[in-house]
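Residue numbers count from 1 along this sequence. Just so you know, ligand 1 is whichever comes first in the structure, and atom 1 is the first atom listed for that ligand.
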Amino acid sequence: MGTYGRFPLTLTRGKGCWVEDEQGHRYLDAVAGIATCTLGHSDRAMRHALSRQLRRLQHVSNLYEIPEQIELASWLVHHSCADSVFFCNSGAEANEAAIKLARKHGHTLRGIDRPVIMTAQASFHGRTLAAVSATGQPRYHQGFEPMVEGFENFIYNDLASFESLLSRLEMHGPKVAAVLIEPLQGEGGVNPGDPAVFRAIREHCDARNILLIFDEVQVGMGRCGTLWGYERLGVEPDAFTLAKGLGGGHAIGALLVKQHADHFVPGDHASTFGGNPFACRAGLTVARELQRRDLISNVQQRGDQLQQGLNALVERFPQLLQGTRGWGLLQGLVMQEGCGHAAIDVVKAAIAQRLLLVPAGPQVVRMVPPLVISKREINTLLSRLDATLKSLST
Ligand SMILES: *Cc1c(COP(=O)(O)O)cnc(C)c1O
């Protein structure tokens, strides 16, 4: 179906941070399947681990114990603030699980009939009906009304807006089950969260026994130079969701919860494919390689290098560019308003320079390369971006 506006590009091979089209042209890939191909394309460890797994066992139902699932859950629990994990197949699905969990929390722990989940404007939580209802961007709702009820938006990074919505909702008693929020808004324009605002939100949630749930689908698994986005904010959530980077290009999602938020009992929630041996092997391989290759410190160094290079480009092209923002290897280049070009124009022009980029909203060009990207490849990225911007300024 015509669900995608596609670039006229057919990619048929990949290796590391590079992809090749049908004609054999090579592109530096700063999209990486939109922040999913953590280890790059056709990674050796991934190829070996997955082919071994395919030879042994690909899929069994969650009716049985799955050792790969237990192993991945254990790794995630051991390396995060969470105590247990539910596996599914995508970010939207992970958020659906979080939304169900939040509503159960509202019903059982706060005694609310019609629980509300507070989400931020310009957020993105996925395209299924409840996840898109949670998403605070009207353009994703248009034509699909009625939305799922029970979501109310406040302005991201604006504590006054959060507090006024909270007190309006809770005026006549408990009403709010959870706050669902991204540590950094990815799709909404690469907008990092303000630690002070997040700390205050945490305190409000604690005071009222409201669940604080982070959508770490884009920022989780090392992308931001810390394993989890919440480490950047100095605030622990009660639950958080993962997907994109977790499987290194394979479909897997997860909801992670602390013990006090672990409200699901047998029969409450399920997924046919969620947490199957193959998907969990992909996740385990990403986890193992992150550690073995010390990729988080690579993200920190390459992220700094990228940000410095982007800042230099902002100085070189002040008529086109307003600034940069982001964490680690999730960086955005903000276009100058009224410069006559939108982010999509930069993305299109970059294809001619053999560089793949992705917009994050109308005004921001996003870079989310594989976490294995080298110093030299960052320099190539920057010089191709320089050539792209030059081609737009003439
Ligand atoms: C991509 C994304 C989602 C949706 O993930 P899908 O796997 O496409 O369903 C949800 N939340 C955030 C923050 C995302 O970046």
Side-chain angles (χ1 to χ4, degrees), residues 3-5 30-38 86-102 117-137 139-141 144 148 151 153 156-157 178-193 198 212-224 228-230 232-233 237 239-256 271 273-275 279 282-283 286 325-332 357-361 364 366-369 371:
T3 45
Y4 301 102
V31 180
I34 312 194
T36 63
C37 302
T38 315
F86 172 82
F87 287 109
C88 52
N89 314 285
S90 67
E93 249 185 284
N95 288 331
E96 292 279 336
I99 290 162
K100 282 178 72 176
L101 182 88
I117 298 172
M118 293 171 66
T119 66
Q121 287 176 16
S123 59
F124 185 80
H125 299 296
R127 301 298 203 115
T128 55
L129 197 55
V132 89
S133 301
T135 295
Q137 300 196 55
R139 67 190 176 105
Y140 291 120
H141 298 173
F144 305 108
V148 173
F151 296 98
N153 302 145
Y156 192 70
N157 279 345
V179 177
L180 171 63
I181 189 167
E182 296 157 272
L184 168 154
Q185 290 189 323
E187 307 295 319
V190 191
N191 237 329
F198 273 74
L212 180 55
I213 305 172
F214 286 175
D215 179 343
E216 296 239 2
V217 167
Q218 191 156 157
V219 299
M221 284 309 270
R223 162 108 359 232
C224 296
W228 315 117
Y230 68 76
R232 284 268 181 175
L233 298 170
F240 64 100
T241 54
L242 292 177
K244 288 193 168 85
L246 177 58
H250 297 275
I252 183 168
L255 167 66
L256 292 86
S271 166
F273 288 114
V286 170
R325 56 192 187 216
W327 289 339
L329 286 176
L330 174 41
Q331 293 290 332
L357 305 168
V358 58
V364 178
R366 178 171 33 160
M367 278 144 272
V368 280
L371 308 192

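For the pair T38 (side chain) and T36 (backbone), a donor-acceptor distance under 3.5 Å is present. Checked by atom type and distance alone, the side chain of T119 pairs as donor or acceptor with a backbone atom of A134 at under 3.5 Å. Not a single donor-acceptor pair under 3.5 Å links the side chain of Q185 to the backbone N or O of N191. No donor-acceptor pair closer than 3.5 Å links the side chain of H125 to the backbone N or O of A130. The backbone N or O of C224 sits less than 3.5 Å from a side-chain atom of R232, completing a donor-acceptor pair. Judged by distance alone, the side chain of R223 and the main-chain N or O of W228 form no donor-acceptor pair under 3.5 Å.
Here is the list of ligand 1 atoms found below 4.0 Å of a heavy atom in E182: 13 (C). The contact set between ligand 1 and A92, taken as ligand atoms under 4.0 Å from a residue heavy atom, comprises 4 (C), 5 (O), 6 (P), 9 (O). Set against the non-hydrogen atoms of H125, the atoms of ligand 1 under 4.0 Å away are 10 (C), 11 (N). Listed by number with element, the atoms of ligand 1 under 4.0 angstrom from any heavy atom of S90 are 7 (O), 9 (O). The ligand atoms of ligand 1 that sit less than 4.0 angstrom from a heavy atom of G126 are 4 (C), 10 (C).
Taking any N or O of E93, backbone or side chain, none lies under 3.5 Å from an N or O belonging to ligand 1. For the pair V217 and ligand 1, the shortest N or O to N or O distance does not fall below 3.5 Å. An N or O contact shorter than 3.5 Å is missing between A243 and ligand 1 by distance. In terms of polar-atom proximity, defined here as any N/O pair under 3.5 Å, G91 does make such a contact with ligand 1.
Looking only at protein heavy atoms, the nearest one to atom 1 (C) of ligand 1 is K244 NZ, 1.4 Å. Nearest protein heavy-atom neighbour of atom 11 (N) of ligand 1: D215 OD2, 2.7 Å.
Distances from atom 8 (O) of ligand 1 to the protein include no heavy-atom value under 4.0 Å.
Aromatic pair F124/Y140: ring centres closer than 6.0 Å.
Scanning all heavy atoms of the two residues, the minimum distance from G193 to F198 falls at CA-CE1, 3.7 Å.
From L180, atom CG reaches atom OG of S123 across 7.5 Å, with rounding to the nearest 0.5 Å.
Contacts of N95 with ligand 1, taken as heavy-atom pairs under 4.0 Å, involve the side chain alone.
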